[in-house]
Structures are given as structure tokens and as C-alpha cells.
Trainee: 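First the structure, then my questions, so here it is.
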Amino acid sequence: MDALQALLGAKPATEITAQVKIKRLGTEFTIKALTGEDIDKIRDQATYPTKNGKKTELKVNEEEVARLLIVKAVVSPDFADSSLLKHFEASDAGECVQKALLAGEVAALQNEILMLSGFDDEEEIEEAKN
């Protein structure tokens with residue numbers, strides 16, 4: 001099969017899903033693949049100007065990138081669900097992710113999301129994070 005036929009027969013990125021086991025909770029989360037555009041938007045949303053002497057530089061908040069990736073890619077559970085927000089006293093889905101999950105769970109979900117989105121090795125994942 002040539003590349004054109006392979007692309008024509010491929011599922012759209014938004015239809016690619018997987019299950020990720022969260023051991024502590026004894027359940028699985030459903031995640032979906034993200035497009036390059038999704039990841040670019042997330043990185044832009046987590047980028048802020050910072051002063052460095054007289055210069056202003058743009059700095060990416062990597063913790064926020066991880067939370068936003070999870071909010072965008074986790075299909076189930078929905079971190080914007082009103083009962084979850086209330087339970088964790090969170091103002092939005094990103095804060096809910098931060099309060100509901102352990103740091104290692106956030107990192108594991110982020111890695112699984114990036115792998116499902118086509119970043120196949122550790123080097124590519126680190127590059128996507130940065």
C-alpha cells in the first residue's frame with residue numbers, strides 16, 4: 001500500500017483512543033490522540049512573558065502544559081464535570097487535574113497521551129514537552 005492509500009484509510013486523530021490504567025484508583029481513563037494543532041495551542045496557552053533583566057523572554061510552564069494535555073485528551077473521566085470540580089474544590093478542569101491526581105499519575109498520563117499522538121520514543125516526548 002502506498003502512502004496516499006494508507007492516509008486515506010487511516011482514522012482521524014480524534015478517533016484514536018486508548019485506555020490508561022490508574023493503579024491507585026483501580027480504574028482506567030480513556031484518552032484520545034491530539035493533533036499537532038492541539039499541542040501547539042496548549043503550549044501557547046501555557047507560555048508567559050517573564051522579565052530577565054531588561055529583556056522579556058517567553059517561558060513555558062511545563063506543569064500547566066501537562067494539565068492542559070490531560071484536560072484536552074482525557075475523554076473519561078471529564079475533569080470539567082461539576083461534581084468533580086465541587087469535590088476537589090477546583091475552579092476549572094486544569095485545577096481539578098492538579099488536585100485529583102498524583103504527580104506521577106500526571107506524568108504517566110502525559111506520556112501516554114504523547115505516545116498515542118505519535119511521539120514514539122523518549123527523545124520525541126521530551127522534545128514535545130519542551
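For clarity, every value in this text was computed on a predicted model and none was experimentally measured. Just the heavy atoms: all of them, side chains too, but no hydrogens, waters or symmetry mates, feed the values below.
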Trainee: Taking CD in E57 as the centre, count heavy atoms belonging to other residues, nucleotides or ligands within less than 6.0 Å. Is the count above 12?
Mentor: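 Yes, CD of E57 has more than 12 neighbouring heavy atoms, counting only those of other groups under 6.0 Å.
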Trainee: Please determine whether residues L102 and F88 belong to a single hydrophobic cluster, defined as Ile, Leu, Val, Met, Phe, Trp and Tyr linked transitively by side-chain heavy-atom distances below 4.5 Å.
Mentor: no
Trainee: Search all heavy atoms of A80 against all heavy atoms of L85 and return the closest pair with its distance.
Mentor: O-CD1, 3.5 Å
Trainee: Which value, rounded to the nearest 0.5 Å, describes the distance between D92 atom CG and Q98 atom CD?
Mentor: 9.5 Å
Trainee: Got a donor-acceptor contact below 3.5 angstrom from the D38 side chain to the T35 backbone?
Mentor: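 The answer is yes, because a donor-acceptor pair under 3.5 Å joins these two groups.
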Trainee: Would you call R67 and E63 a salt bridge, using N to O less than 4.0 angstrom?
Mentor: no
Trainee: If I compare all heavy atoms of P77 with all of L84, which pair ends up nearest, and what's the gap?
Mentor: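 Nearest pair, atom of P77 first, then L84: CB-CD1, 4.4 Å.
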Trainee: Between R24 and A100, what is the shortest heavy-atom contact and its length?
Mentor: NH2-O, 3.0 Å
Trainee: If I take atom CG from residue D78 and atom SG from residue C96, how far apart are they, to the nearest 0.5 angstrom?
Mentor: 9.0 Å
Trainee: I want to check something: taking the side chain as every heavy atom from C-beta on, are I39 and V65 in contact at a cut-off of under 4.5 Å?
Mentor: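 No; the side chains remain at least 4.5 Å from each other.
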Trainee: State which residue, out of V97, L114, V20, fulfils the side-chain contact (heavy atoms from CB on, under 4.5 Å) condition with L109.
Mentor: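 Option passing the side-chain contact (heavy atoms from CB on, under 4.5 Å) with L109: V20.
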Trainee: Just verifying a value: how many Å separate H87 NE2 and D81 CG, rounded to the nearest 0.5 Å?
Mentor: 11.5 Å
Trainee: Counting heavy atoms not belonging to K21, are there more than 12 under 6.0 Å from its NZ?
Mentor: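 Atom NZ in K21 is crowded, with more than 12 foreign heavy atoms closer than 6.0 Å.
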Trainee: Does atom NZ of K32 have more than 12 heavy-atom neighbours from other groups under 6.0 Å away?
Mentor: yes
Trainee: Return the minimal non-hydrogen interatomic distance between A46 and L68, and the atom names on each side.
Mentor: CB-CD1, 4.3 Å
Trainee: Quick one: do R43 and E64 make a salt bridge, cutoff under 4.0 Å?
Mentor: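 Salt bridge absent between R43 and E64.
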Trainee: Heavy atoms, side chains only, cut-off 4.5 Å: are F29 and F79 in contact?
Mentor: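 Yes, at least one pair of side-chain atoms sits under 4.5 Å.
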Trainee: Quick one: closest heavy-atom pair of K99 and E89, and the distance?
Mentor: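 Between these two residues, the closest heavy atoms are NZ-O, 2.8 Å.
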Trainee: Calculate, to the nearest 0.5 Å, the distance between atoms CD1 and CD1 belonging to I31 and I70 respectively.
Mentor: 9.5 Å
Trainee: What closest approach, in Å, do I113 and L34 show between heavy atoms, and which atom pair accounts for it?
Mentor: CG2-CD1, 3.9 Å
Trainee: Counting only N and O atoms by type, is there a donor-acceptor contact under 3.5 Å from the side chain of E95 to the main-chain atoms of S91?
Mentor: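 Yes, because the side chain of E95 sits within donor-acceptor range (under 3.5 Å) of the backbone of S91.
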Trainee: Among side-chain atoms of T47 and D44, is any donor-acceptor pair under 3.5 angstrom?
Mentor: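 On atom types as modelled, these side chains do not qualify, holding no pair under 3.5 Å.
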Trainee: Starting at OG1 of T50, measure out to CG of N61 and round the result to the nearest 0.5 Å.
Mentor: 11.0 Å
